[in-house]
**Q** 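Supplied in structure tokens, the structure appears directly below.
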Amino acid sequence: MKKIGVLVHALTVEYALEVLNGIFAYFKDKQDVQFFVAQTKDPKTDSGIYEYQSWNGVGLLFSTDIDLVIVITGSYSSTISTPGLAKILKKLREKPIISIGANLELPNSSFIETECNSAYDNAVEHLKEKHGCKKIAFLSANRTGSREALLRFEAYKKALRKHNLVFNENLVFEGYWEMHQAKDVMAKKYPKKESLNFDAILCANDLMALGCQQHFINIGVKVPEELKIIGFDDSTYAAQSTPRLSTMSQNIFDQGRIGAELAYRKLNGEDIPSVTHIPVVPLYKQSCGCIPLNNNDDIYRNAEDKLVHADAFTNGIQKMTNQFFNTLTSIESLYRLLDLSQTTETLHHFANTLDKILLALDIPACFVCFYKKPIMLDRGKEFILPHNAAVLMMLDTERKIRDYDPGLEFNPAKNPFPPEYFDNFPGSFILHPLFSGRKNYGYIVCKIKTSNYAMHSVSVKILINAIASNYEYTRSLTRTKSLSKLNSSLQQSNSTLDLQSKTDELTKILNRRGFMELGQKTIDLAMDVESNGVIFFADLDGLKKINDTYGHDVGDEAIKAAAEVLSHALRSSDTVGRLSGDEFAAIAVGMKLSREAEFREKIQSLCDIISKDRKFPFKLSMSIGAIEFSKDSKNSTLSDLLALADDKLYIEKRKKHAKK
């Protein structure tokens, strides 16, 4: 079985989806191929708070088990330069690579690139000879560093020279591939109609052309009478715009199909060319004046100036209509999946429901694996693929496999697709890291039967959120049971304590000896069940002043009040003790350090209440230091943890003195 990885920046961009359609069409009937598509975004993406986690799928597709990787390089051009992408991929395991869109210049790689010189040559000649244009501007994306952008710009300059038109660098603008950015660029340069100083503009893609077109129409420029506009891509947006955009077709579907064919031939031992060129052809429509504005037929003029009726295979509107129909068939199932994802269930219950949802979504199989323990990953931090993982579930409606928590362990860096489930299982798959926030749990692999990647990507995103949520719920139930056992054990320990020798006579809470004995048992038991907790070190503020001013009897009342405050601020299951004259300590199992500020406010509120109720001639207050502990803590002895909490208390006391 040949295993092929496909890297794509995002599954919401028409260019990438059309390339994938071509790949899918070629491999659809191949019974000896598995190809895995990963939507990766990029390592520094600002799309979504935690979408940087998507990049972790790249490592999985560069694992030992994958035979070849297809990179849809053109899909990354708006966020990362081609050399930048190559530099990142070069750090990974060396694989045969087919790059679609540009040359990555990596070992053992081939690439597919559009040949746009002839198309730009024809477009400039067309604008000059047929429409009388003499000043032809260019809206580029050169600053992205994309090779595609640079090639289109060079083709534009060559065409100007060939047709004896002057190249004016003041008529070259930067658009960064995006519609709104292009619109803003042109608005700054040409705020009024009177400032327009060119009669035609070629744009490096359709989105920039449409942004340009919107701006000039808004300021009163007539398109195409006063300004001719030609884009690049033959996108659905171009087919639906008003006026319909003249553009250039780079045969995106064929790029994907040919890329898949080259990959298949290479894996069958054939020699393939290092570079394959795809010809670009111009399609002259309304925005350059070749089709009347009142003609709503889907027609264009070709490079030979012949009138062509678009057929169902090239008609962008038809493609979009089909996409919508495919989407509508999944809406009800997607709605049910959203509903399922919002319920809090155990993973076992979730798996029992999921198979019906997958069937309705036309996803015949879903494979979920978890790393040995979740990985906390911040933006910009390198993700190192763990060598230990286990299968959480495999649901396969076609082969009637329904394994929940089978416990199969494997090394994802070597083989992310265990042969027990993936051998003799040809087809197309979507791979996605399984994460929630900063926490990366593992990954999910879904088999798909249609090329509706945009809808499938939404389904998978909802799935990973639901699985993460239900995993945490299942884990919390397990922890609750463990804590229940812990509390029971602590209560038993409490009952066996020699209360007379281990209870503080004044405050009736644990004395130092009792606290240190029970406290260490508390910490040991918490670590045994992999729970965390917080150690508090507290003291009464100004006890010496209270004793000197009001007498030691009042001081004792203050100490008793402080013990009550600390006990009431915590739970009955927490451990509280008096260590010395005005020093107290507490252990709160299961509490997070993030609640420290809330705890401080509660302490102060209780101090205010008890001061008022007991009519103290002073304002009762306490200072607190806190430290968190867990099974991963460097220190596990109570004395060491108390010392760390005491350090925090010292900092708190110093801040209070500084304010006086």
**Q** Given K461, which of E51, Q39, H432, H456 fulfils the side chain to side chain donor-acceptor pair (under 3.5 Å) condition?
**A**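 Exactly one option meets the side chain to side chain donor-acceptor pair (under 3.5 Å) with K461, and it is E51.
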
**Q** Taking the side chain as C-beta and beyond, is there a heavy-atom pair between N56 and N440 under 4.5 Å?
**A**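 Side chain of N56 against side chain of N440, heavy atoms only: contact under 4.5 Å found.
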
**Q** Would you list the atom pairs, donor with acceptor, under 3.5 Å between side chains in residues 406-415 and any protein atom, with sequence neighbours excluded?
**A**
residue : atom : partner : partner atom : Å
N411    : OD1  : A413    : N            : 3.0
N415    : OD1  : F417    : N            : 3.1

**Q** How many angstroms lie between CD in E148 and CD in E113, if you round to the nearest 0.5 Å?
**A**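 So the gap between those two atoms works out to 8.0 Å.
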
**Q** So, K91 and E382, do they make that salt bridge, N to O below 4.0 Å?
**A**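 The answer is no: the pair does not qualify as a salt bridge.
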
**Q** What residues, two or more places apart in sequence or in another chain, satisfy salt bridge (Lys or Arg N to Asp or Glu O under 4.0 Å) together with K3?
**A**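 In terms of salt bridge (Lys or Arg N to Asp or Glu O under 4.0 Å), with neighbours along the sequence ignored, K3 is linked to D65.
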
**Q** Apply the test side chain to side chain contact (heavy atoms under 4.5 Å, CB included) to residues V391 and D403: give CA-CA distance (whole Å), side-chain angles for both, the deciding distance (0.1 Å), then the verdict.
**A** CA-CA 9 Å; V391 179; D403 287 347; over 6 Å; no

**Q** Measuring from R402:CZ to L395:CG, what's the distance to the nearest 0.5 Å?
**A**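 Answer for the CZ-CG pair, R402 versus L395, is 6.0 Å.
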
**Q** State whether the side chain of Y443 and the backbone N or O of P416 hold a donor-acceptor pair below 3.5 Å, judged by distance alone.
**A**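 Present.
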
**Q** Mind checking salt bridge (Lys or Arg N to Asp or Glu O under 4.0 Å) for R93 and listing every partner two or more places apart, or none if nothing turns up?
**A**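 Applying salt bridge (Lys or Arg N to Asp or Glu O under 4.0 Å) to R93 gives none.
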
**Q** For V534 and E596: C-alpha separation, side-chain torsions, deciding distance, then whether side chain to side chain contact (heavy atoms under 4.5 Å, CB included) applies.
**A** CA-CA 9 Å; V534 176; E596 181 186 359; over 6 Å; no

**Q** Can you sort out the partners of A585 under side chain to side chain contact (heavy atoms under 4.5 Å, CB included), two or more places apart, ordered by chain and number?
**A**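 F515, L579, L642.
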
**Q** Do the non-hydrogen side-chain atoms of T73 and F111 ever get within less than 4.5 Å of each other?
**A**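 Side-chain contact under 4.5 Å: no.
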
**Q** Does the Q53 side chain pair with the main chain of G437, one donor and one acceptor, at a distance under 3.5 Å?
**A**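 Yes, because the side chain of Q53 sits within donor-acceptor range (under 3.5 Å) of the backbone of G437.
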
**Q** Between F422 and F367, does the ring centre distance come in under 6.0 Å?
**A**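 Ring-ring flag for F422/F367: true, centres closer than 6.0 Å.
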
**Q** Determine the minimum heavy-atom distance between K648 and A626, stating which atoms define it.
**A**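 For K648 and A626, the tightest heavy-atom pair comes out as CG-O, 3.5 Å.
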
**Q** What closest approach, in Å, do C369 and A389 show between heavy atoms, and which atom pair accounts for it?
**A**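 Closest approach of C369 to A389: SG-CB, 4.0 Å.
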
**Q** Okay, side chain of R600, backbone of I624: is any donor-acceptor separation there less than 3.5 Å?
**A**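 Yes; at least one donor-acceptor contact below 3.5 Å.
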
**Q** Does the side chain of Y371 reach to within under 4.5 Å of the side chain of L385, using non-hydrogen atoms?
**A**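 Heavy-atom side-chain distance check passes, below 4.5 Å.
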
**Q** Among T575, L638, L593, which one satisfies side chain to side chain contact (heavy atoms under 4.5 Å, CB included) with I535?
**A**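 Output: one option passes, namely L638.
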
**Q** I'd like to know if the side chain of Y15 pairs up with that of N205 as donor and acceptor (distance under 3.5 Å, no hydrogens or angles considered).
**A**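 The answer is no; no qualifying pair exists.
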
**Q** Between the side chain of R399 and the main-chain N/O of A365, is any donor-acceptor distance below 3.5 Å?
**A**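 Not at all, since once roles are kept as given, no pair shorter than 3.5 Å links the two residues.
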
**Q** Just wondering, do M393 and C366 contact through their side chains at under 4.5 Å, heavy atoms?
**A**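 They are not in contact (no side-chain heavy atoms under 4.5 Å apart), so the answer is no.
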
**Q** Measure from the side-chain N and O atoms of S459 to the backbone N and O of M455, and report whether any donor-acceptor pair falls under 3.5 Å.
**A**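 Checking the backbone N and O of M455 against the side chain of S459, a donor-acceptor pair under 3.5 Å is found.
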
**Q** Walk me through it: do E398 and K447 pass the test side chain to side chain contact (heavy atoms under 4.5 Å, CB included)?
**A** CA-CA 11 Å; E398 291 180 338; K447 186 175 183 180; 3.5 Å; yes

**Q** For residues 58-81, pull every pair meeting ring-ring contact (aromatic ring centres under 6.0 Å, His included), keeping only residues two or more places apart or in separate chains.
**A**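 Every ring-ring contact (aromatic ring centres under 6.0 Å, His included) pair that includes a residue of residues 58-81, provided the two are not neighbours, is H9-Y76.
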
**Q** If I compare all heavy atoms of T144 with all of A149, which pair ends up nearest, and what's the gap?
**A**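 What the structure gives for the nearest pair is OG1-CB, 4.4 Å.
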
**Q** Does the distance from a Lys or Arg side-chain N to an Asp or Glu carboxylate O, for D378 and K381, drop under 4.0 Å?
**A**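 A salt bridge is absent here (no side-chain N lies under 4.0 Å from a carboxylate O).
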
**Q** Would you say NZ of K2 has more than 12 non-hydrogen atoms from neighbouring residues, nucleotides or ligands within 6.0 angstrom?
**A**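 Correct, the count exceeds 12.
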
**Q** Counting distance only, does the side-chain N/O of R147 pair as donor-acceptor with the main-chain N or O of S77 below 3.5 Å?
**A**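 No: the side chain of R147 does not pair with the backbone of S77.
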
**Q** Of the non-hydrogen atoms in M394 and F425, which two are nearest, and what is the gap between them?
**A**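 Closest pair (atom of M394, atom of F425, distance): CE-CE2, 4.2 Å.
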
**Q** Rounded at 0.5 Å granularity, tell me how far OG1 in T40 sits from CG in L61.
**A**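 CG of L61 is found 9.5 Å from OG1 of T40.
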
**Q** Any side-chain heavy-atom pair from V58 and I88 closer than 4.5 angstrom?
**A**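 When only atoms from C-beta onward are counted, I88 and V58 do not touch, as no gap falls below 4.5 Å.
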
**Q** Counting only N and O atoms by type, is there a donor-acceptor contact under 3.5 Å from the side chain of T82 to the main-chain atoms of S146?
**A**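 It does not hold such a pair.
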
**Q** Considering all heavy atoms of both residues, which atom of Q34 and which atom of P426 are nearest to each other, and what is their separation?
**A**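 In terms of heavy atoms, the two residues are closest at CG-CA, 4.0 Å.
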
**Q** Any chance the side chains of N532 and E628 put a donor and an acceptor closer than 3.5 Å?
**A**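 A donor-acceptor contact under 3.5 Å links the two side chains.
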
**Q** If you measure from the Lys or Arg side-chain nitrogens to the Asp or Glu carboxylate oxygens, is any gap between E598 and K592 under 4.0 Å?
**A**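 Between K592 and E598 there is no salt bridge, as every charged N stays at least 4.0 Å from the carboxylate O atoms.
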
**Q** Any side-chain donor paired with an acceptor under 3.5 Å for S109 and S99?
**A**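 No, no side-chain donor-acceptor contact under 3.5 Å.
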
**Q** With rounding to the nearest 0.5 angstrom, report the OG to CD distance, S623 to E652.
**A**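 If we round to the nearest 0.5 Å, S623:OG and E652:CD are 5.5 Å apart.
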
**Q** Which atom pairs, donor and acceptor, lie under 3.5 Å between side-chain atoms of residues 260-267 and protein residues at least two apart or in another chain?
**A**
residue : atom : partner : partner atom : Å
Y264    : OH   : D32     : OD1          : 3.2
Y264    : OH   : D32     : OD2          : 3.0
R265    : NE   : E270    : OE1          : 3.1
R265    : NH2  : D271    : O            : 3.4
K266    : NZ   : N108    : OD1          : 3.3

**Q** Would you check if I4 and D67 make a side-chain contact, meaning some heavy-atom pair closer than 4.5 Å?
**A**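 Not in contact.
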
**Q** What are the two closest non-hydrogen atoms of K439 and P374, and how far apart are they?
**A**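 Minimum heavy-atom separation between K439 and P374: CG-CB, 3.5 Å.
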
**Q** Do the ring planes of F35 and F24 sit parallel (below 30°), tilted (30 to 60°) or perpendicular (above 60°)?
**A**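 Taking F24 first and then F35, their aromatic rings stand perpendicular (interplane angle over 60°).
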
**Q** Quick one, S54 and F435 - any side-chain contact, counting heavy atoms below 4.5 Å?
**A**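 Touching, per the 4.5 Å side-chain cut-off.
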
**Q** If we only count heavy atoms from C-beta on, is the Q181 to W177 side-chain gap below 4.5 Å?
**A**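 They are not in contact (no side-chain heavy atoms under 4.5 Å apart), so the answer is no.
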
**Q** Between V71 and L85, is a side chain to side chain contact (heavy atoms under 4.5 Å, CB included) present by the stated rule, with each step listed?
**A** CA-CA 10 Å; V71 183; L85 179 62; 4.1 Å; yes

